[in-house]
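The structure appears right after this line, and notes come after that.
For reference, positions follow the sequence shown, starting with 1.
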Amino acid sequence: MNRFSRGLLIAGLHVVLVGGLGAKLLVDRARYPRLWVKAAPASPPIGGRYVGLRLELPARDFEAGAEARWAALRVEEGELLALPAAPQTGQQVRISPDGTRATLSAPIPFFVSEQIAEATRR
């Protein structure tokens, strides 16, 4: 195998890898739900351009006044919901006093673009 053949083989391999990744992303985009979730800053920037966000979402079937519970997250009718789950099987959440809202206990790291001057003000 000469240099030209090896170069074509490597170029073909790159095309297959990049094409496969692109196809996977297109399948994921069509398959997984897209929705909006209310988020609030949980802490000062984690490091660099990352900010910790706490997600707040509707809760269903929780007792009013329950402080911290385990919840399974499920998408129904274009909305992310927190539903009761057995201990250690879902996400740990804090439930509002009226039992209608849940806030994830662990913050989600979110990357803030360099075009935003001050990440903590938004």
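Residues Val37 and Glu56 come closest through the heavy atom pair CG1-O, 3.8 Å. Scanning all heavy atoms of the two residues, the minimum distance from Glu76 to Leu81 falls at OE1-CD1, 3.5 Å. Between Asp61 and Pro84 the shortest heavy-atom distance is O-CG, 3.2 Å. Closest approach of Phe62 to Ala82, counting heavy atoms only: CE1-O, 3.4 Å. Taking each heavy atom of Ala71 and Ala85 in turn, the nearest pair found is C-CB, 3.8 Å. Heavy atoms only, all atoms of each residue included: Leu80 and Leu57 are closest at O-CB, 3.6 Å.
A 4.5 Å side-chain heavy-atom check between Gln91 and Leu55 finds every atom pair outside the cut-off. The shortest side-chain heavy-atom distance between Arg54 and Leu104 does not fall under the 4.5 Å cut-off.
With hydrogens and angles disregarded, no donor-acceptor distance shorter than 3.5 Å links the side chain of Arg60 to the backbone of Thr100.
Here CG of Leu25 is found 4.5 Å from CG of Leu21. Values are rounded to the nearest 0.5 Å.
A single hydrophobic cluster is not seen to contain both Trp70 and Ile108; linkage of ILVMFWY side chains at heavy-atom distances under 4.5 Å, directly or through other members, places them apart.
Within the structure, every pair that satisfies the side-chain hydrogen bond (donor to acceptor under 3.5 Å, both in side chains) test and touches residues 4-17, not counting sequence neighbours, is listed here: Asn2-Ser5.
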